[in-house]
Amino acid sequence: MSEQKVTFRVFRYKQGDTAPHYDTFTVTVNERTTVLEALQAIRRDQDGTLVIRHSCHHASCGTCGMRVNGKEVLACVTNVLELGTPTVTVEPLQNAPLISDLVVDMGPFYETFSQAHLPFVRRSEYLPDAEVAEGVPFHMRFESCIECGLCVSACPVVASDAEYLGPAALAAVWRVVQEPRGTEVPPLLDWVNSEHGCWRCHVALECSEVCPSNVDPGGNIMALRQELVRRALGLSHG
Amino acid sequence: MLQETRALHPVRRRGWKGWFAVRKRHLGYVAFALNRLTGLGLVLYLIIHLVVLSMLARGPETWDAFIELAKSPAFLLLDVILLAGILFHGLNGLRVILVGLGIGVHRHKELFWGLMLLAAILFIFGAWGFLVV
Amino acid sequence: MSSYHVVIIGGGATGSALAHDLALRGIRVTLVERGEVTSGTTGRHHGLLHSGARYAVKDQESAKECIQENMILRKIAPGSFELNDGLFVAITEEDLAYYDDFMEGCAVCGIPTRTLSREEALRLEPNLNPEVKLAVQVPDGTMDAMRLPLRFLATAKHNGAVIKPYTEVLSFLMEGQTVTGVHVRDHTSGKEYDIGADIVVNAAGPWAEKIARMAGVDVPVQPSPGVLVAVWGRYNNMVINRLHRSGDGDIVVPQRELSIIGTSSWVVDDPDKLDVPEEHIRLMYEKGAEMIPALKHAKMRAAWSAARPLIGSRGATTGRELSRTFKCFDHADEGVEGFVTITGGKATTARAMAETTADVVVRKLGLDIPCRTREVVLLPHTAYYTQ
């Protein structure tokens, strides 16, 4: 595999700093190197104080969400050379409290998200014709949302309305409406049927563009609205 | 504990400037930004329009002088810009209403370009009307 | 709460379960992790909730631990697993020849099994290689490699444990031959400080040797990486294992909207320097496709390496010959007091590792407090971030 050098411009901030700054590093990469691997190499070989979040390395945990060249991505599945820029700019997610360097505090995200009471396991829609094994109640899988916060960082409405529930939590509520699994639906619908709930969305739909995990938060918000309209008109069976 | 954390770490939120941070963004975001921009422009126009109408109260001389100015080519160009803003805002707004009601959510880009084609046709007719007729 | 203070080094599955165990026993706990929690080996594993069947022939100690813990985890972490069970599939005559040993091993280890004919297996998993001879159903499952440990951490936090990510141990505080704490750097602020401790536990996984060396003791840990490949789509509902002696690319774990094929095995010295060799990626595709042919053309989502912390025998070459069981070292045996290392093991057995270690810790502190982690239901993973 051929190797080449790429410059990384990395957002830096330590608690107590008056302002963030950018540091520049040069990293040797090949066709397969991901942004996450490059950042790990920086931390290992050049600057051990670089603070990054990562865990699964395959777009399943949602921890390595960041802005690469101005776009929200998961660093673990973002190929460096495919970005096609000689300098790669790496910044933390927006609309979240900054902890250090590329890491934001996910506390506020989860505070809202957890109010959707989305069960972690759902019915699987894959292989519908396969028989279910003895002793297994139904084919199940984890929910698609990996709680990475990319949608919340990319949303222009979250940028100006701190109280907006945001695409991740709203999409989670829609999943509960679709498949309640014992969760009480009406209080959730009341929660999102508000000025800062699903009516706050202005249909930029950037959330669905950046979502790495097929959640389509924008589509889910619109589905929630339809459901609320149906219920208001007395058309819903739910 | 969380409160303490929040006090320590600044939230990086762009506020209304975030609406116009369209670099690297997709069509829906750009349309959102343009909608805000044209919306603000139309509000500004409305205010100017009301100010102009108030000239009527100051008698026919003031008004006629204004009408002369309004016939100048530079002023007509402003009308053309206004027309573009109205068409974009109105037709994109129609798309936002439809998508916002769950109609054509996954076709919103095609819907956008379809409506913009309509906007372009109406604009050509309108501009021709302003500038030529 | 007791006035004793224990510092745990390492925020992986083991350290998380240990923080939970000790906090439940009323001991003050501070866990330090140099990166985000679960950023080492833990987050990167296969996501397999082992039934133990994989080790039922060659590594029965580990197999028994797995099935016991599998059952306990289902109780204490409800809603955290895809419980579709697993199949061991015999594709070749050679696989079939392994069947008797396999069934006997499972019986000895207490792993429930159900043998399925070719037709039954294909009805459950239509994408299986039609050459399949027979299959054995076992209680495998899928876990979220990060979120299960987060539940341990969330509950530990709730019970008073202090979790400090991005905090790296730079050196040990020693009084003579006794460890009295650690000197750390908080990477979020750059500040360095000391944390005093009655006992320090090294739960650094494949980094355990490096940590132990700071206290002047040697821990025989052999970092053994494996390559895993995630592809888009679910080709199977159940975990599909090859019915043969453990080898490369013989497990396909469906997870969320992905399928994870793994894994390979070799040994390295530095767990921070893991390659993802191209030929291993190809091997995963090839071996995975022997069980599920459609995987051959599946679209890759990611390929990565994770380093197992195997207890070795430095002479190991592939890591496969090393047991997957765990070991707790009380370094008083080597003359260093106040310092314990827990290593080896698997994500499935993390709770048991923690129980064993916490038993050692409380004994060293002269206490007699029983373990309660077999019964206490864990808080949801989201509670880790909201408390």
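Below, read A as the first sequence line, B as the second, and so on, with proteins coming before strands; counting in each chain starts at 1. Atom set for the values below is all heavy atoms of this structure, side chains included, hydrogens, waters and symmetry mates excluded.
- Residue A:Ala96 touches chain B through its backbone alone, counting heavy-atom pairs closer than 4.5 Å.
- Applying the ring-ring contact (aromatic ring centres under 6.0 Å, His included) rule to pairs touching residues 94-124 of chain B yields nothing, sequence neighbours excluded.
- In summary, A:Asp101 and A:Lys14 engage in a salt bridge, as defined by a charged side-chain N under 4.0 Å from a carboxylate O.
- Looking only at heavy-atom pairs under 4.5 Å with chain B, the residue among A:Ala223, A:Gly218, A:Pro92 that has the most is A:Pro92.
- Proximity to chain A at a heavy-atom threshold of 4.5 Å picks out B:Val96, B:Val99, B:Gly100, B:Leu101, B:Gly102, B:Val105 from residues 96-105 of chain B, in numerical order.
- In this pair, A:Phe109 and A:Phe113 present their aromatic rings parallel. The plane angle is below 30°, not in the 30 to 60° band.
- With a 4.5 Å cut-off on side-chain heavy atoms, A:Cys145 and A:Ser213 do not count as touching.
- Under a 4.0 Å N-O distance rule, the pair B:Lys24/A:Glu209 does not qualify as a salt bridge.
- A:Leu93 touches chain B through its backbone: at least one of N, CA, C or O sits under 4.5 Å from a heavy atom, while the side chain does not.
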May I have the step-by-step check of ring-ring contact (aromatic ring centres under 6.0 Å, His included) for B:Trp128 and B:Phe125, ending in yes or no?
CA-CA 5 Å; B:Trp128 180 70; B:Phe125 273 104; 7.1 Å; no
Verdict with reasoning, A:Tyr110 to A:Asp105, per side chain to side chain contact (heavy atoms under 4.5 Å, CB included)
CA-CA 10 Å; A:Tyr110 275 107; A:Asp105 180 3; over 6 Å; no
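- With a 4.5 Å cut-off on side-chain heavy atoms, B:Leu46 and B:Leu42 do not count as touching.
- Each of B:Arg25, B:Lys17, B:Arg36, B:Arg95 has some count of heavy-atom pairs under 4.5 Å with chain A, and the biggest count is that of B:Arg25.
- Using a 4.5 Å cut-off on side-chain heavy atoms (C-beta onward), A:Thr24 and A:Thr7 make contact.
- The main-chain N or O of A:Glu111 is found under 3.5 Å from a side-chain atom of A:Gln115 such that the two form a donor-acceptor pair.
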A:Arg141 vs A:Glu125, test: salt bridge (Lys or Arg N to Asp or Glu O under 4.0 Å). Steps then yes/no.
CA-CA 9 Å; A:Arg141 72 167 179 89; A:Glu125 71 282 39; 2.9 Å; yes
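- Side-chain atoms of A:Ser208 and A:Asp216 include a donor-acceptor pair closer than 3.5 Å.
- Heavy-atom neighbours of chain B within the stretch residues 193-205 of chain A, taken at a separation under 4.5 angstrom, comprise A:His202, A:Val203, A:Ala204, A:Leu205.
- A salt bridge between A:Arg12 and A:Asp47 is present, with a side-chain N of the basic residue lying under 4.0 Å from a carboxylate O of the acidic one.
- Of all residues spanning residues 61-80 of chain A, those with a heavy atom less than 4.5 Å away from chain B's heavy atoms are A:Arg67, A:Asn69, A:Gly70, A:Lys71, A:Glu72, arranged by number.
- Looking only at side-chain heavy atoms (C-beta outward), A:Val104 and A:Ile99 stay at 4.5 Å or farther from each other.
- Ranking B:Gly15, B:Gly18, B:Ala21 against chain A, the residue ahead of the rest is B:Gly15, based on heavy-atom pairs under 4.5 Å.
- Contact of the B:Met116 side chain with the B:Asn92 side chain is registered, since non-hydrogen atoms from C-beta on lie closer than 4.5 Å.
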